[in-house]
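Everything below concerns the one structure shown next.
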Amino acid sequence: MKDKLVLIDGNSLAFRAFYALPLLSNHAGIHTNAVYGFTLLLEKILKDENPTHFLVAFDAGKTTFRHSTFGDYKGGRQKTPPELSEQFPLIRKLIEAYHIKHYELENYEADDIIGTLAREATENRMETIIITGDRDLTQLVNDYVSVYYTKKGVTDIDRYTPDFVKEKYGFGPEKIIDLKGLMGDKSDNIPGVPGVGEKTAVKLLLEYGTLEEVIGHLDDIKAKKLNENLTNHQADALMSKKLATIEVHAPVDIGLQDVKLEDAANDKKIELFKALEFKQLLDQMETAPVVQQQELIIADSIDELDLSGATAVFIDCFKDNYLVNEVLPLAMTDGEKTAVVTAEEIKNHAQLTAYLADADKKKYVFDAKKNVVLMKRLGIDMQGIDFDVMLASYLLDPSRTIVDVAETAGLHGMILPSNEQIFGKGAKMAIPEETELKDYFGRQVQAIYQLTDKMKDELRQNEQLKLHDELELPLSLVLAGMEYQGITVDRNALIEMQDELKTRIDELMATIYGLAGHEFNINSPKQLGVILFEELKLPAAKKTKTGYSTAVDVLEGLRDKHEIIPAILDYRQLAKLQSTYVEGLQKMIDEDGKIHTRFNQVLAQTGRLSSVEPNLQNIPIRLDEGRKIRKAFTASEPGWVIFAADYSQIELRVLAHITEDKSMMDAFNHGIDIHTKTAMEVFDVDNNAVDANMRRQAKAVNFGIVYGISDYGLSQSLGISRPAAARFIEDYLESFPNVKQYMDDVIQQAKRDGYVSTLLNRRRYIPDINARNFNARGFAERTAMNTPIQGSAADIIKLAMVNYAREIRKTDFKAKLLLQVHDELIFEVPEEEIEAFSLFVKDMMENAMELNVPLLVESNYGASWYEAK
DNA sequence: GACTGCACGC
DNA sequence: GACGTACGTGCAGTCC
């Protein structure tokens with residue numbers, strides 16, 4: 001069979017389909033007309049054209065390179081109606097179900113992606129069909145490429161071939177851009193020449209050939225008004241031509257071989273069609289059994305539910321912060337009937353509260369941590385959580401952005417309204433009326449129930465069920481306790497710092513204004529750039545997208561050039577401390593005198609935790625100035641202290657373990673400083689020949705290994721050239737042959753399996769590992785190398801936390817775990833416990849996992865986090 | 001409200 | 001040659 005490529009302009013056809021069909025929707029209120037139209041089109045194309053290659057291109061983002069030519073490009077366009085924009089994710093899902101590739105590229109429009117692929121196809125003499133609702137694309141027509149233009153609806157089509165274009169206009173497709181240059185395009189807000197429409201433009205082009213030649217022959221054009229308009233708007237016309245010209249060399253990192261059409265299995269389609277309720281299409285297909293969302297039966301009372309076995313439970317609150325915001329009703333289902341009860345009703349229902357606190361009764365949830373915290377707030381100690389759909393989704397693929405139940409359910413062919421659809425967003429967020437809310441909560445809990453078995457199976461297949469059951473789920477309960485507990489922060493200590501900082505910042509401001517000659521906003525990189533690089537004429541080293549860069553490394557390079565620079569650097573440092581920490585933290589202190597951060601367990605791609613509102617994982621430590629912030633973090637009771645225990649070099653120990661590199665293992669087994677050891681190996685010298693500089697460089701390389709930085713990154717951190725940094729890495733890998741071997745193996749593994757794994761079987765998919773784009777691939781390779789190291793370190797500390805929480809209950813220790821900062825745990829402890837507790841924690845952490853090098857934990861304590869160093 | 005530049009931690 | 005290069009969160013400024 002001869003190769004045939006089909007390229008679809010996704011955005012333009014989605015619009016066409018949307019406006020061509022009535023506003024259909026499924027039972028859950030999701031609009032489906034654009035998706036339906038798109039489906040009809042795909043079916044028709046596949047049947048009529050039998051393509052071997054297929055791509056749907058989408059516009060990316062709001063601005064493109066064309067906006068830099070003409071700021072008002074596409075100005076005055078109506079906003080995409082929400083009924084349509086909510087269908088775009090479904091259209092993408094649809095395309096994926098057909099195993100058709102889709103692609104979008106920042107700064108470019110779908111047109112340019114299509115143009116680029118069409119050019120490549122033409123160079124390979126491959127027949128190409130472009131399908132669009134936008135006449136612009138006709139400029140791409142040639143002997144190999146035809147453009148199908150949807151006239152009305154989506155299946156009524158004009159076929160533009162070179163002959164068709166010639167017949168229509170009298171000239172070939174190459175002149176379409178000249179035509180646009182003259183007549184403009186109202187829909188894209190391309191100006192063209194006033195008074196020139198299609199008729200005049202065609203006439204001019206037939207007479208003179210191109211736009212440039214029309215301009216060259218202005219003297220020959222006698223019509224007074226036309227001549228005047230052409231003369232006055234030459235520049236507009238040329239710019240309009242440029243705007244209308246499709247880029248056929250867009251930097252796409254896909255090629256023809258990437259868009260081969262694979263056979264689509266029907267079940268994905270059926271699953272989606274069922275969810276969308278495309279009954280006619282389903283009737284035409286051989287239906288195979290798939291999970292279909294059950295009908296929602298809302299019981300009148302919770303008493304109608306069968307509480308003898310497992311249930312799915314869903315409780316939520318208004319907005320994100322479940323530690324403080326209003327608790328919303330609880331939904332529960334036994335798999336048949338679903339009930340929704342208010343927070344007040346829960347508390348007063350003895351049988352229900354007993355059920356929720358019964359460890360022997362299994363519950364399936366979405367976000368165990370949130371459930372447990374909200375229950376705690378209602379005075380219920382929730383027990384028996386058996387499965388967390390949200391954690392499962394993260395473990396199956398951490399790159400999934402977890403938004404709400406709807407998002408996760410959508411991945412399994414169940415479609416329900418999103419949180420945003422029900423509650424709105426931003427300032428307009430509101431709790432909907434009772435029936436709508438009940439219905440929504442009911443649907444969500446039902447989805448959780450149905451997803452549980454399915455996702456358990458998926459985890460089992462990946463050998464990740466244990467990771468869920470024994471690590472992430474128990475950890476989420478530990479984290480719930482930590483968040484609820486909070487850490488005491490001394491407001492007065494912060495206020496004192498604030499006053500002190502204010503004085504110093506004011507002084508610096510005065511100095512800076514004096515040196516600049518006038519006042520300006522130092523916090524504005526834009527204004528600062530003007531002062532430094534225009535008014536003071538300092539040499540600008542780097543530019544950002546929007547102007548001069550004023551980042552630290554740039555300013556450091558200018559330190560000796562002008563007195564203002566050190567003042568600005570000092571100002572920056574203090575202003576950051578003041579706004580983010582001293583003032584920022586004060587705002588977060590609750591009535592209990594504590595700060596309650598929330599840990600995000602399903603975000604970081606490597607398996608680490610993150611912390612929000614506030615982020616307590618980036619409290620300053622490097623410079624003493626900032627480190628003093630930690631003085632405000634204290635124990636909650638007199639006689640108690642802050643105790644901090646951190647893993648020493650956990651990532652490099654993991655690396656030694658995974659690679660079994662002899663000299664690295666040797667260093668850890670004999671307590672030799674790892675950076676010194678690295679320097680010895682890389683520079684091939686004895687222990688006592690390693691000077692401070694060599695150690696510093698070795699440390700930077702180790703840092704690079706741990707974080708997966710590039711030669712560029714290393715060159716930046718060491719202040720050396722890029723080739724020198726590359727050579728450094730090479731020397732390193734030669735000195736540690738097993739590490740080199742590991743790096744090669746792990747990249748192969750990623751190529752073979754599509755993912756890499758940690759010691760506890762956490763996965764990260766690396767789709768770009770085979771990318772043709774050099775940067776994307778380089779990034780993917782470093783990700784592949786680094787994730788098992790950083791992710792395994794995350795596994796270890798998480799395991800230590802789970803073990804700690806389980807074991808501490810068997811003791812009399814009163815100590816409380818408060819925070820986790822990637823490789824360290826922060827506790828508050830009664831002073832008299834310290835000695836014993838320290839040993840206990842050390843034992844938990846060092847023996848969390850047995851590696852072939854020892855894990856080493858160092859700890860300290862004091863009146864505040866500052867003293868626990 | 002969304003985006004950018006910058007800066008803090010690991 | 002590829003032009004942007006660990007991961008996160010939060011602040012202020014800017015533009016719409």
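Every chain is numbered from 1 and lettered A, B, ... according to where its sequence line falls, protein lines coming before strand lines. What you see below is based on every heavy atom in this structure, not just the backbone, and it leaves out hydrogens, waters and symmetry mates.
A/Phe779 comes within contact range of the sugar-phosphate backbone alone, with a heavy-atom separation under 4.0 Å but no base atom that close. Residue A/Arg722 is classed as a base contact, given a heavy-atom separation below 4.0 Å to a base. A/Gln527 comes within contact range of the sugar-phosphate backbone alone, with a heavy-atom separation under 4.0 Å but no base atom that close. Heavy atoms of A/Thr546 sit under 4.0 angstrom from primed sugar atoms or phosphate atoms, though from no base atom.
Of the side-chain N and O atoms in A/Ser549, one or more sit less than 4.0 angstrom from OP1 or OP2 of B/dC6. Taking 4.0 angstrom as the limit, A/Lys526 places none of its side-chain polar atoms (N or O) nearer than this to OP1 or OP2 of C/dG13. Side-chain nitrogen and oxygen atoms of A/Lys425 include at least one within less than 4.0 Å of the OP1 or OP2 phosphate oxygen of B/dA2.
For A/Gln573, the side chain to side chain contact (heavy atoms under 4.5 Å, CB included) criterion is met by A/Leu623, A/Glu625, not counting sequence neighbours. Shown here are the salt bridge (Lys or Arg N to Asp or Glu O under 4.0 Å) partners of A/Arg772, two or more places apart in sequence or in another chain: there are none. Legend: residues meeting salt bridge (Lys or Arg N to Asp or Glu O under 4.0 Å) with A/Asp711, ordered by chain and number and at least two apart, are A/Arg722. In this view, A/Pro251 and A/Leu105, A/Tyr108 satisfy the side chain to side chain contact (heavy atoms under 4.5 Å, CB included) rule, not counting sequence neighbours. Scored by the side chain to side chain contact (heavy atoms under 4.5 Å, CB included) test, A/Asp506 finds A/Lys502, A/Met509 as partners (sequence neighbours excluded). Residues that satisfy the side chain to side chain donor-acceptor pair (under 3.5 Å) test with A/Glu86, not counting sequence neighbours, are A/His31, A/Gln421. Qualifying ring-ring contact (aromatic ring centres under 6.0 Å, His included) partners for A/Phe643, counting only residues two or more places apart in sequence or in other chains: A/Phe827, A/Phe837.
Contact check of residues 762-775 of chain A against DNA chain C (heavy atom, cut-off under 4.0 Å) returns A/Phe774, A/Asn775.
Going from the C1' atom of B/dC3 to that of C/dA6 covers 23 Å, rounded to whole Å. The separation of C/dA2 from B/dA7, taken at their P atoms, amounts to 28 Å, rounded to a whole angstrom. On the P atoms, B/dC8 is 31 Å away from C/dC3, given to the nearest whole Å.
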Atom pairs under 3.5 Å, N or O on each side, protein against nucleotides 10-12 of chain C: can you list them with distances?
unit_1, atom_1, unit_2, atom_2, d
C/dG10, OP1, A/Glu613, N, 2.7

Which atom pairs, one a donor and one an acceptor, fall under 3.5 Å between side chains of residues 524-531 of chain A and the rest of the protein, sequence neighbours left out?
unit_1, atom_1, unit_2, atom_2, d
A/Ser524, OG, A/Lys526, N, 3.4
A/Ser524, OG, A/Gln527, N, 3.0
A/Gln527, OE1, A/Asn521, N, 2.9

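Of the possible donor and acceptor atoms, none in the side chain of A/Asn615 sits under 3.5 Å from a partner among the backbone N and O of A/Val612.
Checked against B/dG9, C/dC7, C/dG13, the side chain of A/Ser524 finds its nearest nucleotide in C/dG13. Comparing atom distances between the A/Leu603 side chain and each of B/dC6, C/dT9, B/dC10 picks out C/dT9 as nearest.
Paired regions of DNA chain C, where each region holds three or more successive Watson-Crick or G-U pairs whose two hydrogen-bonding distances fall under 3.5 Å, are B:1-9 with C:7-15.
For residues 606-616 of chain A, the salt bridge (Lys or Arg N to Asp or Glu O under 4.0 Å) pairs, not counting sequence neighbours, are A/Arg598-A/Glu613, A/Arg608-A/Glu651.
At a threshold of 4.0 Å, the pair A/Lys798-A/Glu472 counts as salt-bridged, since one of the basic side-chain nitrogens sits closer than that to a carboxylate oxygen.
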